[in-house]
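Here the structure comes first, spelled out in structure tokens, and everything after it is commentary.
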Amino acid sequence: MSEIAERPPEALSHGAAEHKHKDVLGAKMGMWIFLLTELLLFAGLFLVYAVYRYQHTAGFHRGGMETHTMFGTVNTMILLTSSLTMVLAIGAIQRGKKWLSVTFLSSTIGFGLAFLIVKGFEWSIEIRKGIYPGSPSLLKKSNGEILFFGLYYTMTGLHALHVFAGMIILTFMLVFILRNKITKDDYVKLENAGLYWHLVDIIWIFLFPLFYLIN
Amino acid sequence: MESTESNIIVEGHSGEDKQEPISYGLYVVVWLGLIALTSLTAVVAGFNFAAFTLVIALLIALTKASLVVNYFMHVKFEDKIFKVFLAIAGFTICVIFLLTFSDVYFRR
């Protein structure tokens, strides 16, 4: 908040072409407002889940038994680790270590890819069992199970789409670091991309117990 | 007198945190905590605590989320305005959930 006051008068002079006006706090606030709209999007889906689970307790339980706790746990570990490498990438750029930051950021993208690969295996197993929206064998099951798997595919699918979007954003950040557009003195882009990545992680933290931990 | 003193402390605090990057070690410790909680929740899911099973799982998820928000998203070290944002969003979501639940529960 004190940034404007601290800004030296030369920022106003035309001579200082290097001295671009930056509003780091404003950039982060804008990002947070966007993140909260994302949170509300998923909150709506969690609300639908909660109401249907209350109305179809037995069906949701049977549905939950079918999902693989192992895949969910592994993917949780992968996303948590990707969040660690994300903050380490920011920490490295803060210390001016460009290549360390590039390494951490690349591994974050790599973990994102690993998450999607595990997700792909998991979904293909479910689909081979004949469980996918509108499948004949799913439609023979109870309403609760149909709703559970509908929400399972919608919520984990929308989340996977967010992971994919995050990977694209992080790839851009990687290019920015390589081209010295993100540096020790100006890394708010990387911080905001990191905030997005962590939000996607947080959403998974809640999806995990609701879809994978029903035993 | 008292108010000026607290003002100085607040200013010094926020300025300090913006300057110095958080140590790698702290991030690794938080990550270890998150991994430990994930293992715990996966193990606990095997036991049957009846109605409490879901509550325990959600409490662990909330703890994990608050670790990510406070340390990885460093809200703990940010300006007060970010905490206000989060509080308003959290409150809004709670209101939406409570109103919907009361509707579903009392509807006949």
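Values below: every heavy atom of this structure, side chains too, minus hydrogens, waters and symmetry copies. Predicted model, so just to flag it, every value in this text is computed and none were measured. Proteins get letters first, then strands, A, B, ... in listed order; numbering begins at 1 in each.
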| query | Which pair of non-hydrogen atoms, one from A/A92 and one from B/Y24, has the smallest distance, and what is that distance? | reply | CA-OH, 3.3 Å
| task | Specify which of A/I202, A/D201, A/L199 makes the most heavy-atom pairs with chain B at under 4.5 Å. | result | A/I202
| query | For A/L213, which of B/V44, B/L54, B/T53, B/T41 qualifies under side chain to side chain contact (heavy atoms under 4.5 Å, CB included)? | reply | B/T41
| message | For a quick test of reading the model, state the closest non-hydrogen atom pair linking B/P21 to A/R95 and the distance between them. | response | CB-NH1, 3.9 Å
| query | Looking at B/L58, B/L62, B/L37, B/V69, which has the largest count of heavy-atom pairs under 4.5 Å with chain A? | reply | B/L62
| task | Work out which heavy atom in A/L195 is nearest to a heavy atom in B/M73; give both atom names and the distance. | result | O-CE, 3.3 Å
| remark: Counting heavy-atom pairs under 4.5 Å with chain B, the top scorer among A/T81, A/I33, A/L35 is A/T81
| task | Can you tell which part of A/I203 gets under 4.5 Å to a heavy atom of chain B, answering side chain, backbone, both or neither? | result | neither
| field | Closest-packed option against chain A by number of heavy-atom pairs under 4.5 Å, given B/A42, B/A57, B/S23, B/A65 | value | B/A65
| Below 4.5 Å, heavy atoms only, C-beta onward: do A/W32 and B/I81 meet side chain to side chain? | no
| message | So for A/S83, is it side chain, backbone, both, or neither that comes closer than 4.5 Å to the heavy atoms of chain B? | response | both
| request: Decide yes or no for B/V104 and A/Q55: does some side-chain heavy atom of the first lie under 4.5 Å from some side-chain heavy atom of the second? | output: yes
| field | Atom group of B/V84 that falls short of 4.5 Å from chain A, counting heavy atoms | value | neither
| Approximate separation, where rounding is to 0.5 Å, of A/L40 CG and B/T92 OG1 | 7.0 Å
| Got a sec: does the CZ of A/F164 have more than 12 other heavy atoms crowding it under 6.0 Å? | no
| request: Against chain A, label B/A89 side chain, backbone, both or neither, depending on which of its atoms sit under 4.5 Å from a heavy atom there. | output: side chain
| task | State, with a plain yes or no, whether a side-chain heavy atom of B/I35 is found less than 4.5 Å away from one of A/T76. | result | no
| query | Looking only at heavy atoms, what is the nearest atom pair of A/V87 and B/F72, with distance? | reply | CG1-O, 3.4 Å
| More than 12 heavy atoms of other residues, nucleotides or ligands under 6.0 Å from CZ of A/F172: is that the case? | no
| For A/Y196, does the OH atom sit with more than 12 other heavy atoms under 6.0 Å from it, leaving out its own atoms? | yes
| task | Could you grab the distance from atom OH of B/Y71 to atom NE2 of A/H198, nearest 0.5 Å is fine? | result | 14.5 Å
| message | Please find the pair of heavy atoms, one from A/M77 and one from B/S39, that lie closest to each other, and give the distance. | response | CE-OG, 3.7 Å
| message | Would you say that B/L34 contacts A/L84 through its side chain, given a criterion of any heavy-atom pair below 4.5 Å between the two side chains? | response | no
| Mind checking whether A/F46 and B/I93 have side chains closer than 4.5 Å, heavy atoms only? | no
| Within 6.0 angstrom of A/F121 CZ, more than 12 heavy atoms from elsewhere | no
| request: Between chain B and each of A/L88, A/I90, A/L39, A/L47, count heavy-atom pairs under 4.5 Å; write down the option with the most. | output: A/L47
| request: Please indicate whether A/K129 has more than 12 foreign heavy atoms, meaning atoms of other residues, nucleotides or ligands, lying under 6.0 Å from its NZ. | output: yes
| query | Going by heavy atoms in the side chains, are B/T38 and A/I205 under 4.5 Å from each other? | reply | no
| task | Locate the shortest heavy-atom distance separating B/F85 from A/M29; write the atom from each residue and the value. | result | CE2-O, 3.7 Å
| request: Taking the side chain as every heavy atom from C-beta outward, state whether A/L25 and B/F82 have any atom pair closer than 4.5 Å. | output: yes
